[in-house]
Amino acid sequence: MELDAAGEHMKLQLNELEEIRNDAYESSRIYKEKTKAFHDKMISRKSFEVEQKVLLFHSRFKLFPGKLRSRWIGLFVVTNVFVHGAIEIISLKTGLVSKVNDHCLKPYYEQFMTENQDMVALSDPLPLEE
């Protein structure tokens, strides 16, 4: 048995394993960077203005919200927009003023109203006479 040759062979195998591990770390880092870039590209940025109507995410519904219960509450109006992402809102129902993060809000869109509608009365066709 040659102990020196076996030791040299073991050192080479350890070096190869270390290189494989480093390659795995590098490929994992590249994959994470690409997924983060894709995710960040898909995020839609929200911007709010003063006097805009918004809905607030009700975080208490996270545990047991109910099947069809909405997690968005109220109708609020933006009163102040701060630089760091905080937004001051006021409730239209109660008049309560709150300061919330912009991630908890979404814009409220008014219902689409049609003003000029033409009504057409439909009747059953008359039977053909022979």
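Quick note: numbers below take in every heavy atom, side chains included, and nothing from hydrogens, waters or symmetry partners.
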Euclidean distance, [Y] [atom2] relative to [X] [atom1], rounded to 0.5 Å:
| X | Y | atom1 | atom2 | value |
| --- | --- | --- | --- | --- |
| Leu55 | Ile89 | CG | CD1 | 10.0 Å |
| Lys36 | Tyr31 | NZ | OH | 14.5 Å |
| Thr35 | Asp40 | OG1 | CG | 10.0 Å |
| Gln13 | Glu8 | CD | CD | 11.5 Å |
| Arg71 | His58 | CZ | NE2 | 11.5 Å |
| Gln52 | Thr79 | CD | OG1 | 12.5 Å |

Would you say that [X] contacts [Y] through its side chain, given a criterion of any heavy-atom pair below 4.5 Å between the two side chains?
| X | Y | value |
| --- | --- | --- |
| Val97 | Glu88 | yes |
| Lys41 | Phe38 | yes |
| Glu26 | Ile30 | yes |
| Leu105 | Leu56 | yes |
| Leu75 | Lys53 | yes |

Candidate pair Arg21 and Glu18, rule salt bridge (Lys or Arg N to Asp or Glu O under 4.0 Å), full reasoning
CA-CA 5 Å; Arg21 187 176 69 89; Glu18 186 72 24; 2.7 Å; yes

Above 12 or not: heavy atoms from other molecules or residues under 6.0 Å from [atom1] of [X]?
| X | atom1 | value |
| --- | --- | --- |
| Phe82 | CZ | yes |
| Glu51 | CD | no |
| Asp23 | CG | yes |
| Lys46 | NZ | yes |

When clusters are formed by joining ILVMFWY residues with side-chain heavy atoms under 4.5 Å apart, either directly or through shared neighbours, do Leu92 and Val50 land in the same one?
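The answer is no; the residues belong to distinct hydrophobic clusters.
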
Could you report the tightest heavy-atom contact between Val54 and Val78, atom names first, then the distance?
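Shortest heavy-atom separation between Val54 and Val78 comes out as CG1-CG2, 3.9 Å.
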
